[in-house]
Amino acid sequence: MMADTSALYESVVCVKPEVHVYRIPPRSSNRGYRAADWKLDEPAWTGRMKITAKGTAVFIKLEDKNTGELFAQAPVDQYPGSAVEAVTDSSRYFVVRIEDGNGRHAFIGLGFADRGDSFDFNVALQDHFKWVKQESEFARQEATQDSVPKLDLGFKEGQTIKINIGNIKKKESSGPVKSRAVGGLLPPPPGVKASAPVPPLAVQQTIPVAPPSTATLLDIGDSAPAMAPPSQDMWGDFTAAGPGSTQDTRSEWVQF
């Protein structure tokens with residue numbers, strides 16, 4: 001059933017400047033029509049073809065190429081369907097059902113001289129009915145959504161909402177740290193309970209050790225020969241030393 005298109009505007013979908021119309025014999029079997037059975041070199045009419053759309057309806061109009069007078073018109077309610085049918089032996093020929101507006105209809109053969117024109121004719125009809133199918137699906141979805149009760153997510157009068165935001169740490173005091181090390185020691189780490197103050201560590205001092213005396217070095221070992229006690233002047237009497245002295249003054253020197 002065709003929709004009421006009286007309040008809609010008509011748009012042109014496809015125009016081909018030259019098409020051929022053929023008288024076709026009745027279909028003899030259910031195998032389909034064959035263009036080879038037509039008199040292809042003797043078309044019954046030649047003119048312009050125009051495809052127009054008005055809402056969801058589409059029309060194939062055959063017009064005179066010079067005056068634009070309408071020769072025949074074929075309303076198409078679906079494609080592929082009984083209104084337009086491709087032949088079995090060629091892609092350039094179709095069987096179209098035309099109507100006169102008074103309830104009478106007839107089947108004619110429609111042919112294109114160029115294969116590209118027949119391709120455009122085929123695609124124009126396919127695209128239109130694809131759009132019709134999408135519009136029908138959208139309308140069905142809208143009707144389904146209207147039948148479902150809508151949720152009221154708005155706030156009622158006096159209604160409040162509380163948001164709990166977790167994992168937010170409080171800012172620590174940015175003032176200077178007042179704890180100081182007691183006795184040169186760092187405070188105990190957090191979590192350790194200090195029972196008693198820790199006494200300061202003893203500072204180890206290094207006391208210089210005096211070099212051993214001469215007597216200590218000379219007394220090492222029992223086998224060392226006894227030396228004569230030094231004189232009051234440990235360096236010897238240089239003035240008393242002379243060439244005639246029988247005692248070697250070098251014995252007065254301490255050897256290290």
Side-chain angles (χ1 to χ4, degrees), residues 1-27 30-35 38 40 43-147:
M1 180 177 179
M2 303 298 291
D4 184 12
T5 59
S6 59
L8 301 175
Y9 66 91
E10 187 178 42
S11 62
V12 177
V13 178
C14 179
V15 175
K16 293 301 174 182
E18 184 178 66
V19 295
H20 304 293
V21 174
Y22 301 92
R23 292 185 178 92
I24 61 175
R27 179 185 298 187
N30 294 329
R31 292 181 301 176
Y33 293 95
R34 296 178 68 251
W38 309 343
L40 299 179
W45 180 86
T46 299
R48 179 177 62 194
M49 185 207 69
K50 182 187 298 183
I51 299 177
T52 62
K54 197 171 186 180
T56 58
V58 65
F59 300 89
I60 299 174
K61 296 182 178 182
L62 303 176
E63 301 174 346
D64 186 278
K65 63 174 61 175
N66 297 320
T67 63
E69 183 182 358
L70 182 64
F71 171 75
Q73 177 175 276
V76 183
D77 54 357
Q78 64 178 357
Y79 182 77
S82 60
V84 179
E85 184 179 351
V87 299
T88 60
D89 57 346
S90 177
S91 61
R92 295 190 294 116
Y93 298 93
F94 301 85
V95 176
V96 179
R97 186 184 65 182
I98 58 175
E99 296 181 2
D100 62 355
N102 296 323
R104 295 182 303 177
H105 67 272
F107 291 93
I108 61 173
L110 182 67
F112 298 88
D114 186 79
R115 198 176 302 275
D117 293 341
S118 64
F119 176 80
D120 295 341
F121 171 79
N122 191 19
V123 170
L125 293 176
Q126 288 181 350
D127 289 347
H128 174 78
F129 287 102
K130 186 183 296 183
W131 172 80
V132 171
K133 184 178 180 180
Q134 291 177 351
E135 290 294 318
S136 176
E137 183 67 20
F138 292 155
R140 186 185 64 81
Q141 291 179 359
E142 290 180 358
T144 303
Q145 292 176 358
D146 292 340
S147 62

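Nothing fancy with the numbering, it's 1 onward along the sequence. Everything quoted here is computed from the prediction, not taken from an experiment.
- Residue K65 places its NZ atom among more than 12 non-hydrogen atoms of other residues, nucleotides or ligands, all under 6.0 Å distant.
- V13 pairs by the side chain to side chain contact (heavy atoms under 4.5 Å, CB included) definition with I51, A53, A124, not counting sequence neighbours.
- Contact annotation: the side chain of L62 approaches that of I108 to within less than 4.5 Å [non-hydrogen atoms, C-beta and beyond].
- Rounding to the nearest 0.5 Å places NE2 of H20 at 10.0 Å from CG of L40.
- Shown here are the side chain to side chain contact (heavy atoms under 4.5 Å, CB included) partners of R115, two or more places apart in sequence or in another chain: S91, R92, S118.
- Note on ring orientation: taking the six-membered ring where Trp is involved, the planes of F107 and H105 are perpendicular (angle over 60°, cut-offs 30° and 60°).
- In terms of modelled atom types and a separation under 3.5 Å, the side chain of Y33 and the main chain of R27 share no donor-acceptor contact.
- Contact record, F112 with V19: CE2-CG1, 3.4 Å, taken as the closest heavy-atom pair.
- For the atom pair CD1 of I60 and CZ of R97, the computed distance is 11.0 Å after rounding to the nearest 0.5 Å.
- Within a 6.0 Å sphere centred on CD of E69, other residues, nucleotides and ligands contribute 12 heavy atoms or fewer.
- When every heavy atom of V15 is checked against every heavy atom of V12, the shortest pair comes out as CG2-CG1, 3.4 Å.
- Enclosure of atom CZ in R23 is not indicated, since only 12 or fewer non-hydrogen atoms of other residues, nucleotides or ligands lie within 6.0 angstrom.
- Between E135 atom CD and F129 atom CZ the span is 14.0 Å, to the nearest 0.5 Å.
- Residues satisfying the side chain to side chain contact (heavy atoms under 4.5 Å, CB included) test with E63, not counting sequence neighbours, are R48, K50, K61, L70.
- For F71, the CZ atom sits in a packed shell: over 12 heavy atoms of surrounding residues, nucleotides or ligands are nearer than 6.0 Å.
- Atoms CG and CE, from L110 and M49 in turn, are 7.0 Å apart once rounded to the nearest 0.5 Å.
- To the nearest 0.5 Å, atom CD1 of residue I98 and atom CZ of residue R104 are 10.5 Å apart.
- Here the closest non-hydrogen pair linking V84 and F94 is CG1-CD2, 4.3 Å.
- Once rounded to the nearest 0.5 Å, the distance linking CG of N122 with CG of D117 reads 12.5 Å.
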